[in-house]
Q: 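Can you read through this structure? Questions will come right after.
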Amino acid sequence: MHHMTLAEIARGLADKKFSSEELTKALLARIAQLDPQLNSFISLTEELALSQAKAADARRANGESGALLGAPIAHKDLFCTQGIRTSCGSKMLDNFKAPYDATVVAKLAAAGAVTLGKTNMDEFAMGSANESSYYGAVKNPWNLEHVPGGSSGGSAAAVAARLLPAATATDTGGSIRQPAAFTNLTGLKPTYGRVSRWGMIAYASSLDQGGPLARTAEDCAILLQGMAGFDPNDSTSIDEPVPDYSASLNGSLQGLRIGVPKEYFGAGLDPRIAELVHNSVKALEKLGAVIKEISLPNMQHAIPAYYVIAPAEASSNLSRFDGVRFGYRCENPQNLVDLYKRSRGEGFGAEVQRRIMVGAYALSAGYYDAYYLKAQKIRRLVKNDFMAAFNEVDIILGPTTPNPAWKLGAKNSDPVAEYLEDVYTITANLAGLPGLSMPAGFVDGLPVGVQLLAPYFQEGRLLNVAHQYQLNSDWHTRTPTGF
Ligand code: GLN
């Protein structure tokens, strides 16, 4: 049962081959058996899952249908879930039970999805390895000595290990696409504003975007359909109609113009990944796509700009965690300053504290113009590069990551080395563009992803290209040994 995709589950439920309750019980048992190796869940919600599954079965018995009706999923633990711990991977929120559901959670529940639990993540979504979680590192099911990527590493490891078919995730600088690449999944970061951020605990508000992690593009289309749409509660949510993503999967790729940026193939890229990227280009050419070399000249400035803007926004967003209103409070505070200092010092982990300090510094008087303003200007240059490129091509293709998943602990003493691994994903967040990572082969037994980027609101085009590629390749069907 656990090998089924969301699409297969929907067909099985419609054909009454099994009930959502049976499937939910089977997956909960599988999680109990296998997750101790991976640590991909922070909380399991068995009771909620079983009641949602029964309700979905009843709705089907009453003649209702829908691709998500009775489908088991999990939420990254930064989507607020009413009455259920929403920890954001932090000691700061270890005791936080959200008083309401995030829009994404509410929408998926209304569509009939069944929530199995809340997945592990880097603390406050800061990281590329899922090692900064208060609840411990997540392991990559392809090799338990390696990281699964971050910050949505729990969602990725769980889906890759077939503990469930799909999960929600968020992407501020790559946290959907990079773990997708590291675990052989398909992951989509939508256009900024496509998916509501209401009830999603903020890391960097101008960059954060929720999206689906699944094994296939077909399943990403199903999950995105349930997540996307205008939300009056989120002032950055965009009031654009949501197309039928599943309907666009089968479009022909004849004449599709794919741009491959020459800057992507510089010194930092593992040549074995470069070769797999070229193979995927050839496969898409066979399907009728036309390949063109393009240039994104400002790409080299993206990492420094992001690692000013994201910490700056984080330092502001995380100021609300002060020991007074939310979460952790230190023991016996002597006075107000002591309360703030110790609650934040004890509640936040090292990487979060580093980001708060960098961000507060970049925003402080005298440094604002030199760092924050400069970074915002680079952000516009990065966006302009993309706008120019999309005058010439329909899709941009390249590696998702410069290297495959590294060993647990390998980059712990060198945060900048970890930041540099985000080089291919961060630009889409700076520009607000949609991006997708899909499986494209293996290096040393570890999965490799290819990233596709498209113009604003062209999620359907990304899913279409990835689906056509997946109809003609079998990388995405490979299963990690032992799962
Ligand atoms: N690795 C990036 C960071 O640490 C991106 C994280 C994310 O997308 N949430 O900021």
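Quick note: numbers below take in every heavy atom, side chains included, and nothing from hydrogens, waters or symmetry partners. For ligands, and for the atoms within them, numbers begin at 1 and follow the listed sequence. Remember, it's a predicted structure, so these values are computed and weren't measured experimentally.
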Q: So, Asp94 and Tyr135: side-chain donor and acceptor under 3.5 Å apart, yes or no?
A: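 Per modelled atom types, Asp94 and Tyr135 side chains form a pair under 3.5 Å.
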Q: Looking only at N/O atoms, are Thr170 and ligand 1 under 3.5 Å apart anywhere?
A: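 Among all N and O atoms of Thr170, none is under 3.5 Å from an N or O of ligand 1.
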Q: Taking NZ, NE, NH1 and NH2 as the nitrogens, is one of them in Arg30 or Asp35 under 4.0 Å from a carboxylate oxygen of the other?
A: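 No, this pair does not count.
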Q: Does any N or O of ligand 1 fall below 3.5 Å from an N or O anywhere on Tyr306, backbone included?
A: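 Yes, at least one N or O pair falls under 3.5 Å.
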Q: Using a 4.0 Å cut-off to any heavy atom of Ser175, which atoms of ligand 1 qualify?
A: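 Heavy-atom distances to Ser175 below 4.0 Å select 5 (C), 6 (C), 7 (C), 8 (O), 9 (N).
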Q: Taking 4.0 angstrom as the limit, do Arg272 and Glu275 come out as a salt bridge?
A: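 Salt bridge: no.
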Q: Closer than 4.0 Å to some heavy atom of Ala125 - which atoms of ligand 1 meet that?
A: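 In order of numbering, the contacting atoms are 6 (C), 7 (C), 9 (N).
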Q: Taking 4.0 angstrom as the limit, do Arg344 and Asp322 come out as a salt bridge?
A: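 Salt bridge flag = no for Asp322 with Arg344.
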Q: Where's the contact between Thr172 and ligand 1, heavy-atom distance under 4.0 Å: side chain, backbone, both or neither?
A: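 Within the 4.0 Å criterion, Thr172 contacts ligand 1 through backbone and side-chain atoms alike.
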Q: Go through ligand 1 atom by atom and flag the ones less than 4.0 Å from a non-hydrogen atom of Asp171.
A: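 In order of numbering, the contacting atoms are 8 (O).
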Q: State if Ala310 counts as touching ligand 1 under the rule of any non-hydrogen atom under 4.0 Å.
A: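 False for this residue.
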Q: Just which atoms of ligand 1 are under 4.0 Å from any heavy atom in Tyr307?
A: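 Listed by number with element, the hits are 1 (N), 2 (C), 3 (C), 4 (O), 10 (O).
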Q: Quick one: look at Tyr203 and ligand 1, take heavy-atom pairs under 4.0 Å, and tell me if it's side chain, backbone, both or neither.
A: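 Just the side chain.
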Q: Salt bridge or not for Lys374 and Asp369, using N-O below 4.0 Å?
A: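 Not counted as a salt bridge, because no side-chain N and carboxylate O are separated by less than 4.0 Å.
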Q: Can you find an N or O of Lys76 that's nearer than 3.5 Å to an N or O of ligand 1?
A: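 No - when backbone and side-chain N and O of Lys76 are compared with those of ligand 1, no distance drops under 3.5 Å.
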Q: Compute the ring centroids of Trp142 and Phe442, then answer whether they are less than 6.0 Å apart.
A: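 When the ring centroids of Trp142 and Phe442 are compared, they turn out to be within the sub-6.0 Å range.
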Q: Is it true that Asp171 and Lys189 make a salt bridge, defined as a side-chain N closer than 4.0 Å to a carboxylate O?
A: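 Looking at Asp171 and Lys189, the cut-off is not met.
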Q: Ignoring hydrogens and angles, state whether a donor on the side chain of Arg355 or Ser315 is under 3.5 Å from an acceptor on the partner side chain.
A: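 Checked: Arg355/Ser315 side chains show no N/O donor-acceptor pair below 3.5 Å.
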Q: Quick one: does Met126 get an N or O within less than 3.5 Å of an N or O on ligand 1?
A: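 Looking only at distances, the answer is no, because the N/O contact criterion of under 3.5 Å is not met.
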Q: Show me which atoms of ligand 1 lie under 4.0 Å from any heavy atom of Gly173.
A: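 Here the atoms of ligand 1 in question are 5 (C), 7 (C), 8 (O).
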Q: State plainly whether the residues Glu421 and Lys411 are in salt-bridge range, i.e. N to O under 4.0 Å.
A: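 Yes, this pair counts.
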Q: List every atom of ligand 1 that sits less than 4.0 Å from any heavy atom of Arg355, numbering the atoms from 1 in the order shown and giving each element.
A: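 Heavy-atom distances to Arg355 below 4.0 Å select 3 (C), 4 (O), 10 (O).
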